[in-house]
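Note that ligands are numbered from 1 as they come in the structure, with each ligand's atoms numbered from 1 the same way.
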Amino acid sequence: MSKPIIDAQNLTAAYGSITALKGVSLSVEKGEIFGLLGPNGAGKSTLLACVEGLHKPNQGSVHIGGINVQSDSTATKRQLGIQLQRTALMDDLTVAELVEVYAALYEVYLTSGQINDLLARFDLVEKRNVLARRLSGGQQQRLALAVAIANDPQIVLLDEPTSALDPHARRAVWDIVRQLHDEGRTIVLTTHAMEEAEALCGRIAIIDRGQIVACDTPAALIANLQLNSMLKATVELPLDQVRSLPDVSNARYTGQHLEMETARPEVTLTALHELAGRSGRSIRDVMLRQPNLEDVFLKLTGHALAESN
Ligand SMILES: Nc1ncnc2c1ncn2[C@@H]1O[C@H](COP(=O)(O)OP(=O)(O)OP(=O)(O)O)[C@@H](O)[C@H]1O
Ligand SMILES: [Mg+2]
């Protein structure tokens with residue numbers, strides 16, 4: 001393997017008495033789309049902030065392209081494009097002014113034509129002279145991405161680039177992330193949506209309670225745990241009774257659905273029908289699905305991705 005473009009070793013980070021990272025190591029190769037997947041409070045933003053040089057870890061080191069972030073933050077920041085989770089874009093600037101100002105912070109001075117080209121990529125040309133505060137949520141998120149790459153960085157760090165976007169806007173951002181990747185840039189993004197991690201990322205680190213619990217391709221994460229198929233049905237039955245059905249290795253409710261991990265779905269389904277019959281319940285919407293990253297997360301951490309720490 002070549003030398004990683006981002007190399008974080010044994011990071012510990014605390015806010016007062018709260019330890020947000022507990023000895024995290026992470027290597028990202030040039031040209032990857034790398035995902036940090038974890039629930040609220042897992043430590044994703046803190047990890048990115050350490051990589052960005054915006055939070056000083058209590059222990060450990062980060063190298064970007066072989067340069068130590070703590071000892072030469074100016075050199076490393078030049079290579080980075082940063083989108084923070086809550087970007088407080090300066091409200092009294094127009095869209096074009098914002099892009100210009102952010103690029104200038106990196107000593108990159110854009111011409112009017114370059115600003116237009118950049119805004120065109122994010123479908124914001126028409127908003128060029130509009131105040132940032134007058135943009136919709138989705139437009140602001142696209143502007144935050146435009147700002148993140150205004151200095152033409154090789155490495156782009158995106159903290160929840162699609163949170164609070166509708167499905168259409170979310171897909172538009174996914175397309176932009178893929179384009180940035182196609183241009184040869186390295187992308188690291190955080191998300192708590194497993195479908196986003198699966199759709200975009202070549203490799204994923206699953207992070208929970210300040211620790212990386214697994215790191216691999218989405219397919220390998222799923223394959224390595226050798227999870228069985230998941231049988232899904234709409235029915236209300238006591239979980240302890242469902243768990244004791246034949247071949248069921250795990251069961252839980254997700255919303256209205258009962259989900260059962262089972263080695264032999266047909267045997268389990270027959271037994272489920274019998275149990276429902278005895279309990280006077282009816283079963284609807286039966287389906288079988290392959291295990292996904294949500295199941296991996298549950299298996300590794302003992303709690304669901306949607307539950308915060
Ligand atoms: N500025 C801060 N001051 C005090 N505690 C903080 C601060 N920022 C984060 N924390 C704490 O550190 C832990 C990790 O937070 P972090 O923001 O890194 O999580 P996250 O994975 O990004 O979560 P989210 O998905 O909600 O953005 C949490 O317990 C959080 O409460
Ligand atoms: Mg965060």
Side-chain angles (χ1 to χ4, degrees), residues 6 8-28 33-62 64 69-70 73 80-89 137-138 140-145 147-148 155-166 169-170 173-174 177 187-201 203-216 218 221 292-294 296-298 300-309:
I6 299 174
Q9 289 297 328
N10 203 24
L11 290 178
T12 301
Y15 302 94
S17 61
I18 298 169
T19 307
L21 296 178
K22 302 170 186 164
V24 168
S25 296
L26 182 79
S27 291
V28 178
I33 302 186
F34 190 96
L36 297 173
L37 176 69
N40 290 141
K44 304 179 296 296
S45 296
T46 305
L47 178 51
L48 278 192
C50 289
V51 170
E52 290 155 351
L54 300 177
H55 184 92
K56 191 172 178 298
N58 300 60
Q59 270 180 41
S61 64
V62 180
I64 307 272
V69 171
Q70 280 102 324
S73 66
L80 302 179
I82 296 173
Q83 184 209 347
L84 299 176
Q85 186 168 2
R86 280 170 290 274
T87 305
L89 295 168
Q140 286 191 8
Q141 205 125 3
R142 291 209 301 273
L143 177 58
L145 279 169
V147 161
I155 305 167
V156 186
L157 305 170
L158 306 173
D159 200 353
E160 297 196 24
T162 66
S163 61
L165 293 186
D166 68 36
R170 167 180 275 213
V173 169
W174 288 2
V177 171
I187 320 273
V188 180
L189 60 91
T190 73
T191 181
H192 27 81
M194 65 108 192
E195 68 279 6
E196 177 158 292
E198 241 165 8
L200 279 181
C201 302
R203 279 198 311 144
I204 295 168
I206 294 183
I207 178 163
D208 187 46
R209 296 179 181 159
Q211 292 181 306
I212 290 179
V213 293
C215 179
D216 215 324
L221 284 170
N292 58 29
L293 285 176
E294 186 89 43
V296 171
F297 191 87
L298 186 66
L300 288 173
T301 67
H303 61 98
L305 196 46
E307 291 167 13
S308 38
N309 283 318

Task: Residue from D166, L158, L165 passing side chain to side chain contact (heavy atoms under 4.5 Å, CB included) with T162 - done: L165

TODO: Tell me which protein heavy atom sits closest to atom 19 (O) of ligand 1, plus the residue, atom name and distance to 0.1 Å.
DONE: G43 N, 3.2 Å

- [ ] Look up atom 30 (C) of ligand 1 and tell me if a protein heavy atom lies less than 4.0 Å from it?
- [x] no

TODO: With the side chain counted from C-beta on, respond yes when L145 and Q83 share a heavy-atom pair under 4.5 Å apart, and no when they do not.
DONE: yes

TODO: Provide the number and element of each atom of ligand 1 under 4.0 Å from a heavy atom of H192.
DONE: 25 (O)

Open item on the list: Under a 3.5 Å distance rule, please check whether Q141 uses its side chain to pair with a backbone N or O of P161 as donor and acceptor.
Closed with: yes

Task: Option whose closest heavy atom lies nearest to atom 12 (O) of ligand 1, chosen from G38, S163, A20 - done: A20

- [ ] Could you tell me which atoms of ligand 1, counted from 1 in the order shown, lie closer than 4.0 angstrom to a heavy atom of P39?
- [x] 21 (O), 25 (O)

Task: Residue selection (non-hydrogen contact nearest atom 14 (C) of ligand 1) among G210, G41, A49, S45 - done: G41

Open item on the list: So for ligand 1, is I18 a polar contact partner (N or O within less than 3.5 Å, distance only)?
Closed with: no

TODO: For residues I206 and L221, determine if any side-chain heavy atom of one lies less than 4.5 Å from a side-chain heavy atom of the other.
DONE: yes

Open item on the list: Among L80, L26, L157, which residue satisfies the side chain to side chain contact (heavy atoms under 4.5 Å, CB included) criterion with V188?
Closed with: L157

Task: Residue and atom names of protein N/O/S atoms that fall under 2.8 Å from the Mg ion (ligand 2) - done: S45 OG, Q85 OE1

Open item on the list: A side-chain contact here means heavy atoms from C-beta on lying under 4.5 Å apart; do S27 and F34 qualify?
Closed with: no

Open item on the list: Within the protein, is there a heavy atom lying under 4.0 Å from atom 25 (O) of ligand 1?
Closed with: yes

TODO: Examine distances only and state if a side-chain atom of T301 and a backbone atom of F297 form a donor-acceptor pair shorter than 3.5 Å.
DONE: yes

TODO: Could you tell me whether a side-chain N or O of N58 sits under 3.5 Å from a main-chain N or O of A14, the two making a donor and an acceptor?
DONE: yes

Task: Distance filter under 4.0 Å to E160 heavy atoms, resulting ligand 1 atoms - done: 24 (P), 25 (O), 27 (O)

N/O donor-acceptor pairs under 3.5 Å from side chains in residues 43-53, not counting sequence neighbours:
from, atom 1, to, atom 2, distance (Å)
K44, NZ, G38, O, 2.9
K44, NZ, P39, O, 2.9
S45, OG, Q85, OE1, 2.8
S45, OG, D159, OD1, 3.4
S45, OG, D159, OD2, 2.5
T46, OG1, Y15, OH, 2.9

Task: Side chain to side chain, T12 and L21, heavy atoms closer than 4.5 Å - done: no

- [ ] Could you list which atoms of ligand 1 come closer than 4.0 Å to a heavy atom of A42?
- [x] 19 (O), 20 (P), 21 (O)

Open item on the list: Measuring only between side-chain heavy atoms, which start at C-beta, is E294 closer than 4.5 Å to E198?
Closed with: no

Open item on the list: Can you report which non-hydrogen protein atom sits closest to atom 8 (N) of ligand 1, along with the distance?
Closed with: Y15 CZ, 3.3 Å

Open item on the list: Between T191 and E196, do the side chains contain a donor N or O and an acceptor N or O under 3.5 Å apart?
Closed with: yes

Task: Per atom 15 (O) of ligand 1, closest listed option by heavy atom (L37, L47, T46) - done: T46

